[in-house]
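Below is one structure, written out as structure tokens; the observations come after it.
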Amino acid sequence: MHRRTVLTACLAAPFFPLLARAQGAVDSTMDHAAMGHAMPAAPAAGASPRPPGGAPLAAWPTLGARGELRAAPGLLHWGGGLNTPSWGYNGAALGPLLEWRAGEAVDMTLVNALPEASNIHWHGLEVPASEDGHPRDAVEAGQRRAYRFTVPEVDGLFWYHPHPHGRTAFQVAMGLAGPIRVRGGRSPLPADGIDERVLMITDQRLLADGRIAPHSDADWMDGREGDLLLVNGQYQPVLSVRAGGWLRLRLINACAARYLNLSLPGHVWRQIGADGGWLEQVQAPVKQLLLVPGERADVLVALDGAPGSRAVLQSLPYVRGKMVSAEQSRPEPILSVHYQRTAAQARPPLPRRLADIAPLPAPAVRREVVLSETMSMEGGKHQMAFLINDRRYDDMNRADFTGKVGEVEEWTVHNRSDMDHPFHLHGAAFQVQWRQASAQHPRTPETLRAWRDVVNLKPGESLALRFVQRLPGDRLFHCHILEHEDQGMMATLRVVG
């Protein structure tokens with residue numbers, strides 16, 4: 001049965017509560033109680049109390065390759081008397097910027113001072129499977145564990161977040177996440193005239209008393225979006241810049257489900273890097289940049305504003321096919337860029353080439369991966385599931401595929417659902433080969449060669465991606481809408497030596 005038909009049937013059911021947009025909150029049969037999910041209704045969009053904005057964008061606290069990340073409850077002080085009980089790494093919310101170098105030995109201890117099990121996934125980094133935060137390696141409350149590995153030979157932006165099955169969405173909503181910047185070799189960019197900032201964008205939804213709002217039924221279907229957009233944990237901060245140079249923004253979409261369609265009016269984006277590091281060359285300027293959940297981008301912005309002027313970084317509406325919640329309908333401000341009143345600086349020229357990315361050879365293995373969502377009214381009760389190849393992730397020891405170390409694999413991934421899904425692979429970066437809008441359309445070769453670990457699929461879309469797993473172990477692949485991942489849209493590639 002098509003989901004629209006099912007939703008109509010659900011809305012006709014007398015037990016079905018109404019949402020603000022005259023639709024019903026869907027009563028999923030997922031066992032949220034067993035998963036620990038609270039199910040009271042969340043506030044309507046736009047209902048969060050507004051923290052004071054306008055503070056300068058703060059510098060990240062940093063941590064090197066050896067240290068301790070203490071995951072613990074804290075109290076986030078927004079100002080204006082608004083306080084939020086939260087979870088964070090080494091602080092009230094989020095964690096430090098981890099500054100690493102390629103080839104460096106990492107020895108990082110997670111101290112779990114939370115009231116439940118947690119772990120750390122080093123999103124986008126090729127590390128041993130035993131160190132990558134597999135759900136079955138969760139660290140119990142009150143315990144600690146050391147993560148030890150060598151930073152791979154990359155130069156890019158990554159991030160870390162918890163990955164306990166069934167609790168990932170909740171723990172990230174409470175504030176557990178942080179960025180990783182890996183430097184590898186000599187940068188191809190000029191040394192002067194570039195102001196670099198790491199921006200981790202998250203969203204939040206608060207109750208009237210400042211507490212983080214619990215997930216609603218609609219959140220478990222659509223993915224949770226908050227009505228407060230935050231940059232590095234701050235609400236509408238101010239970034240001070242000097243006209244004339246380049247602003248290099250290292251961007252992370254750390255939202256659970258929100259798609260960021262970024263725009264800085266009066267300016268254009270020139271992308272220089274993707275998830276896994278440098279692109280081959282600086283891209284042509286664009287006015288909008290779409291960043292899906294889990295994805296990163298490295299961009300340059302020419303600072304052409306007049307001294308003393310202002311611009312607002314915003315996320316424009318993007319329709320991703322939500323089932324019951326309203327889509328974003330207006331631009332959402334994220335950060336203000338204020339030009340200093342000093343004289344403009346000189347803008348250095350950019351190199352013609354940034355890096356060499358060799359295309360992966362023909363695959364030894366080809367596989368099909370199907371993302372789907374199912375709904376029914378079987379037995380008079382609404383039932384829903386998020387699946388990969390018609391299976392729900394309900395066994396952490398199950399291998400859905402078995403591959404070999406060093407073999408090139410090509411996966412054709414199909415989105416046979418009615419909403420966008422960002423596909424994420426653990427343990428290896430991939431190259432997209434082609435896309436196909438639907439079975440009725442021809443395949444379009446991918447023109448941008450890049451190393452990625454997240455790629456979006458629109459409803460009905462298919463694409464092919466190619467990769468090599470260089471280390472053995474169980475590697476997850478899943479939708480990076482965290483609520484969909486928690487409810488079973490995840491599977492395992494078992495890589496053998």
Side-chain angles (χ1 to χ4, degrees), residues 65-67 69 71 89 95 98 100 102-112 117-140 143-154 156-168 171-172 176-180 182 252 254 275-277 293-296 388 393 395-406 409 422-430 451-454 467-480 482 485-486 489-497:
R66 294 176 178 269
L69 289 171
Y89 297 110
L98 303 182
W100 296 346
E104 191 172 20
V106 171
D107 189 343
M108 192 66 60
T109 297
L110 168 65
V111 179
N112 185 6
S118 190
N119 58 3
I120 298 180
H121 168 52
W122 313 99
H123 182 120
L125 285 173
E126 183 180 313
V127 303
S130 61
E131 308 303 300
D132 200 29
H134 192 282
R136 63 171 173 251
D137 296 328
V139 181
E140 295 299 323
Q143 301 299 308
R144 62 172 60 208
R145 76 150 284 177
Y147 292 90
R148 297 187 177 98
F149 52 86
T150 300
V151 180
E153 293 297 326
V154 293
L157 185 66
F158 308 90
W159 63 299
Y160 58 99
H161 61 81
H163 215 295
H165 186 45
R167 296 296 282 174
T168 299
Q171 292 190 6
V172 171
L176 291 172
I180 306 170
V182 176
I252 306 171
D275 295 328
E295 188 179 14
R296 286 89 65 213
I388 292 183
Y393 185 81
D395 180 356
M396 288 188 283
N397 295 310
R398 184 183 78 214
D400 298 272
F401 297 141
T402 300
K404 293 182 180 179
V405 169
E409 296 212 10
F423 179 84
H424 174 50
L425 174 67
H426 288 211
F430 53 75
W451 291 112
R452 299 169 174 158
D453 54 68
V454 178
F467 64 89
V468 178
Q469 293 279 359
R470 296 180 175 85
L471 297 170
D474 285 0
R475 300 298 187 175
L476 298 173
F477 53 98
H478 57 84
C479 173
H480 216 281
L482 299 183
E485 168 194 326
D486 273 346
M489 201 176 229
M490 185 158 67
T492 300
L493 167 65
R494 179 159 295 160
V495 184
V496 298

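None of the values given here were measured: they were computed from a predicted structure.
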Taking all non-hydrogen atoms of both residues, which atom of [X] and which atom of [Y] are closest, and how far apart?
X: G294; Y: W159; result: O-NE1, 3.4 Å
X: F477; Y: L493; result: CE2-N, 3.6 Å
X: P179; Y: G95; result: CD-O, 4.1 Å
X: F430; Y: V454; result: CZ-N, 3.7 Å
X: G473; Y: A129; result: CA-CB, 3.7 Å
X: G497; Y: V405; result: CA-CG2, 3.8 Å

Do Y393 and H478 have ring centres separated by under 6.0 Å? no
What distance separates [X] [atom1] from [Y] [atom2], expressed to the nearest 0.5 Å?
X: L471; Y: F149; atom1: CG; atom2: CZ; answer: 12.0 Å
X: E295; Y: H424; atom1: CD; atom2: NE2; answer: 12.0 Å
X: R398; Y: D474; atom1: CZ; atom2: CG; answer: 11.5 Å

Between R66 and E104, is there a salt bridge with N-O shorter than 4.0 Å? no
Answer yes if the side chains of H121 and D132 hold a donor-acceptor pair under 3.5 Å, and no otherwise. yes
Look at the side chain of [X] and the backbone N and O of [Y], then say whether any donor-acceptor pair between them is shorter than 3.5 Å.
X: W122; Y: E131; answer: yes
X: D400; Y: T492; answer: yes
X: Y147; Y: I120; answer: yes
X: N119; Y: H134; answer: yes

Which one of H161, R167, Q171, Q143 satisfies the side chain to side chain donor-acceptor pair (under 3.5 Å) criterion with S118? Q171
For D453, run the side chain to side chain donor-acceptor pair (under 3.5 Å) check against H480, H426, H123 and tell me which one passes. H123
Would you mind reporting whether [Y] and [X] have side-chain heavy atoms less than 4.5 Å apart?
X: L98; Y: Y89; value: no
X: V106; Y: V151; value: yes
X: L476; Y: E485; value: no
X: F467; Y: R475; value: no
X: V154; Y: W451; value: no

Residue among L176, L482, L110, V139 satisfying side chain to side chain contact (heavy atoms under 4.5 Å, CB included) with P162: L176
Residues passing the side chain to side chain donor-acceptor pair (under 3.5 Å) test with D275, sequence neighbours excluded, are R296
Of all residues at least two apart in sequence or in a different chain, which pass the salt bridge (charged side-chain N to carboxylate O under 4.0 Å, His left out) check with R470? E126
